[in-house]
Amino acid sequence: MSERLDVRRMLLRRGWTEDQHGVLRKGGAVVGSTAAGDAFLTGPGRGRHDEFTADFPSDTPAQVIPAATEHIGHLIQQAEAALTEAAA
């Protein structure tokens with residue numbers, strides 16, 4: 001369970017914010033964890049029409065989750081920028 005606290009700390013240092021329920025949010029994406037130590041990342045799909053979810057079982061190394069969330073967040077930002085540019 002302490003690895004999930006490490007994940008929380010890593011994400012907070014990277015600009016994620018924590019709501020009153022302990023859920024971390026950034027750019028439309030949400031990261032949370034279960035009592036069993038599993039974690040998940042949910043966010044908007046392309047053009048915010050669909051959502052995606054990535055599950056991280058409890059044995060996923062702590063370093064993988066922040067790296068994955070940052071990479072996926074970057075991809076979301078690129079897709080939104082491309083859609084905005086295409087609409088202009």
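Keep in mind it's a predicted model, so treat the numbers as computed, not measured. Positions are given from 1 along the sequence.
- Shown here are the side chain to side chain contact (heavy atoms under 4.5 Å, CB included) partners of Val23, two or more places apart in sequence or in another chain: Asp19, His21, Arg25, Val30.
- Rounding to the nearest 0.5 Å places OG1 of Thr60 at 5.5 Å from CD1 of Ile65.
- Residues Leu24 and Thr17 have side chains not in contact (no heavy-atom distance under 4.5 Å, counting atoms from C-beta outward).
- Evaluation of the salt bridge (Lys or Arg N to Asp or Glu O under 4.0 Å) test over residues 30-39, restricted to residues two or more places apart or in two chains, returns none.
- Taking Thr84 as the reference, nothing meets the side chain to side chain donor-acceptor pair (under 3.5 Å) condition, with sequence neighbours excluded.
- Scored by the side chain to side chain contact (heavy atoms under 4.5 Å, CB included) test, Ala54 finds Leu41, Phe56 as partners (sequence neighbours excluded).
- Separating the CZ atom in Arg8 from the CZ atom in Arg13 is a distance of 10.5 Å, to the nearest 0.5 Å.
- Looking at heavy atoms from C-beta onward, Val31 lies out of side-chain contact with Phe40 at the 4.5 angstrom threshold.
- Among all heavy-atom pairs drawn from Ala36 and Ser58, the shortest one is O-CB, 3.7 Å.
- Shown here for Thr69 and Pro66, the closest heavy-atom pair between the two residues is OG1-O, 2.9 Å.
- Judged by distance alone, the side chain of Lys26 and the main-chain N or O of Arg14 form a donor-acceptor pair under 3.5 Å.
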